[in-house]
Amino acid sequence: MTEISSTPTQTIESAGAATPPELAIIIPTYNERENIRPLVRLLHETLEGNQWEAIFVDDDSPDQTAAEVRALSHEDQRVRCIQRIGRRGLSSAVIEGMMATSAEFVAVMDADLQHDERLLADMLEVLRTTDNDIAIGSRMVSGGDNTSLGGLRQKFSEVSSRLARKILGIEVRDLMSGFFMVRRAVVEATVRDFSGVGFKILMDILASSPHKLKYVELPYSFRPRQAGDSKLDANAAVALVLTLIDKSVGRVVPTRLVAFLMVGGFGVLVHFLALAAALTVLDARFVVAQSIATLIAMTSNFAINNLFTYSDVRLRGWRWLSGWFSFVLACGFGAIANVGVASVMFAGAFGWQLSALAGILVGTAWNYGVTRMYTWRQG
């Protein structure tokens with residue numbers, strides 16, 4: 001029998017020869033394969049002499065962005081890849097990247113080369129030498145420039161910042177900035193209160209902190225896009241609303257539930273429009289018209305929830321069809337529960353208003369809970 005020595009051949013101290021990074025740059029990506037190597041070259045130039053790492057968090061890009069990052073990581077140990085399967089979302093991607101590093105300072109920037117990487121050195125110096133919690137790359141302070149963003153996106157960013165400042169009471173001028181650096185201690189103290197929805201994690205951090213964070217806004221000029229897909233898609237406005245809701249009432253009512261109820265309210269309008277069309281245009285009997293309207297409203301609710309409420313776990317292709325079936329099935333049972341509870345309460349001498357309200361609440365709770373668990377399993 002071979003004797004196993006009790007003396008370790010390598011101590012923990014000698015096992016890790018590399019110096020741990022002081023700075024981690026978190027870079028969420030989607031279809032940005034062409035930008036990866038140019039961006040890393042620029043990071044090397046601007047951060048020469050510093051200990052840093054770049055963590056690319058890719059939402060399973062069809063253009064094989066993750067594969068390109070992994071290939072580069074074989075050549076450059078500063079480069080790391082987190083590939084997320086079956087889910088999307090800018091804020092949630094940044095959160096995962098932040099929690100995957102031990103660096104004292106964490107920066108967030110896009111991979112599309114629109115953020116001026118040269119500002120990273122200034123941000124790092126500010127956090128090293130002052131008591132500021134966050135250094136923000138700002139397009140809206142003196143010396144900053146936002147014109148290359150484009151007319152519609154520029155207007156949206158400006159209006160969104162003003163709206164968020166008013167609702168949340170945060171004074172940061174460029175609250176929609178996706179380019180900033182924060183102390184890791186701040187992230188650890190607030191991460192459990194992040195909403196993880198939306199597209200601007202900076203606003204989430206500032207609104208989630210139990211105390212007012214110290215910040216400085218450093219001007220920079222926003223560059224034209226080089227390649228890749230814009231992060232500001234059709235979901236941006238809804239994502240902003242969801243984030244504001246979460247920061248306002250999210251600790252009392254789940255943000256997704258609020259969005260689910262809003263979609264349900266719109267579904268009532270869809271139902272009545274479909275019912276009126278079936279009765280007048282198709283000249284259908286009421287039972288038939290009501291059935292058609294119910295199915296159309298359910299389909300509308302499912303499609304909108306899939307597009308916005310559960311955008312990070314959105315169903316596509318055949319999964320959309322199976323998701324629709326499970327949604328309709330769940331809501332069908334929800335309707336039965338609605339009628340059953342209301343009928344029991346009404347028979348128990350409760351007024352019709354209270355009985356109807358109780359039925360609606362039970363049906364809604366059922367629909368939300370069951371579809372969240374089964375239709376959008378990761379939601």
Q. Should Val263 and Phe260 count as side-chain neighbours, where that means a heavy-atom distance under 4.5 Å?
A. no

Q: Please report the C-alpha distance between Phe56 and Arg80 in whole Å, then the side-chain angles of each, then the deciding distance to 0.1 Å, and finally whether the side chain to side chain contact (heavy atoms under 4.5 Å, CB included) criterion is met.
A: CA-CA 6 Å; Phe56 291 87; Arg80 295 170 55 194; over 6 Å; no

Q: Please answer whether the main-chain N or O of Ile134 pairs with a side-chain N or O of Asn132 as donor and acceptor at a distance below 3.5 Å.
A: no

Q. Any side-chain heavy atom of Leu120 within less than 4.5 Å of one from Phe179?
A. yes

Q.
Could you check whether atom CH2 of Trp366 has more than 12 heavy atoms from other residues, nucleotides or ligands sitting under 6.0 Å from it?
A. no

(Q) Ser209 vs Thr190, test: side-chain hydrogen bond (donor to acceptor under 3.5 Å, both in side chains). Steps then yes/no. (A) CA-CA 6 Å; Ser209 176; Thr190 56; over 6 Å; no

Q: Provide the closest heavy-atom pair for Gly143 versus Ser221 in the form atom of the first, atom of the second, distance.
A: O-OG, 4.5 Å

Q. With distance as the sole test, does Thr364 use its side chain to make a donor-acceptor pair with the main-chain N or O of Leu361 at under 3.5 Å?
A. no

Q: Ignoring hydrogens and angles, tell me if any N or O in the side chain of Glu53 forms a donor-acceptor pair with the backbone of Arg78 under 3.5 Å.
A: no

(Q) With a 4.5 Å cut-off on side-chain heavy atoms, are Gln83 and Thr65 touching? (A) no

Q | Neighbour count above 12 (heavy atom, 6.0 Å) for Arg128 CZ | A | yes

(Q) Would you call the rings of Phe302 and Phe327 parallel, tilted or perpendicular, taking 30° and 60° as the class edges? (A) tilted

Q. Quick one: does Met181's side chain get under 4.5 Å of Leu23's, heavy atoms only?
A. yes

Can you give me every donor-acceptor pair (side chain of residues 37-45, partner residue at least two apart or in another chain, under 3.5 Å) with its distance?
residue	atom	partner	partner atom	Å
Arg37	NE	Glu68	OE2	2.7
Arg37	NH1	Glu75	OE1	3.1
Arg37	NH2	Glu75	OE2	3.1
His44	NE2	Asp76	OD2	2.5

Q: Check whether any side-chain N or O of Arg184 sits under 3.5 Å from a backbone N or O of Thr101 as a donor-acceptor pair, and report yes or no.
A: yes

Q. If you group Ile, Leu, Val, Met, Phe, Trp and Tyr by side-chain heavy-atom gaps below 4.5 Å, do Ile292 and Leu275 land in one group?
A. no

Q) Ignoring hydrogens and geometry, is there a side-chain-to-backbone donor-acceptor pair from Ser300 to Ile296 under 3.5 Å? A) no

Q.
Any side-chain to backbone donor/acceptor pair from Trp376 onto Leu315? Under 3.5 Å, distance only.
A. no

**Q.** Worked verdict on Asn367 versus Thr371 for side-chain hydrogen bond (donor to acceptor under 3.5 Å, both in side chains)
**A.** CA-CA 6 Å; Asn367 292 343; Thr371 59; over 6 Å; no

Q: Check Asp59 against Ala93 and note the closest heavy-atom contact, atom names and distance.
A: OD1-CB, 4.3 Å

Q: Can you spot which of Ile136, Thr46, Leu218, Leu124 makes a side-chain contact (heavy atoms from CB on, under 4.5 Å) with Leu119?
A: Leu218

Q | ILVMFWY network linking Leu273 to Leu279, side-chain heavy atoms under 4.5 angstrom | A | no

**Q.** Short side-chain to backbone donor-acceptor contact, Asp174 and Arg139, under 3.5 Å
**A.** yes

Q: Check Leu213 against Val186 and note the closest heavy-atom contact, atom names and distance.
A: CD1-CG1, 3.9 Å

Q. Nearest heavy-atom pair of Ile82 and Ala100: which atoms, and what distance?
A. CD1-CB, 3.7 Å

Q: Could you tell me whether the side chain of Met99 reaches within less than 4.5 Å of the side chain of Val191, counting heavy atoms only?
A: yes

Q.
Within the supplied structure, the quantity of interest is the number of heavy atoms (other residues, nucleotides, ligands) at a distance under 6.0 Å from Arg316 CZ; does it exceed 12?
A. yes

Q | Exercise: identify the closest heavy-atom pair between Val57 and Gly97 | A | CG2-CA, 3.8 Å

Q. Are Val268 and Leu257 connected in the hydrophobic side-chain network, where two residues link if heavy atoms are under 4.5 Å apart?
A. no

Q: Please check if Ile304 and Phe272 belong to a single hydrophobic cluster, counting links between Ile, Leu, Val, Met, Phe, Trp and Tyr side chain heavy atoms closer than 4.5 Å.
A: no

Q) How many angstroms lie between atom CD of Gln114 and atom OH of Tyr220, to the nearest 0.5 angstrom? A) 8.0 Å

Q) Sub-3.5 Å donor-acceptor pair from the side chain of Asp63 to the main-chain atoms of Arg33, do we have one? A) yes

Q: Indicate, with yes or no, if Met298 and Leu329 share a hydrophobic cluster defined by side-chain heavy-atom contacts under 4.5 Å among Ile, Leu, Val, Met, Phe, Trp and Tyr.
A: yes

Q | Side-chain donor or acceptor of Arg84 paired with backbone N/O of Glu96 under 3.5 Å | A | no

Q) What heavy-atom pair brings Trp320 and Ala303 nearest, and what distance separates the two atoms? A) CZ2-CB, 4.2 Å

Q: Output yes when a side-chain donor or acceptor of Ser177 lies under 3.5 Å from a complementary backbone atom of Gly137, and no otherwise.
A: yes

Q.
Taking the basic N atoms (NZ, or NE/NH1/NH2) and the acidic carboxylate oxygens, is any pair closer than 4.0 Å for Asp133 and Lys214?
A. no

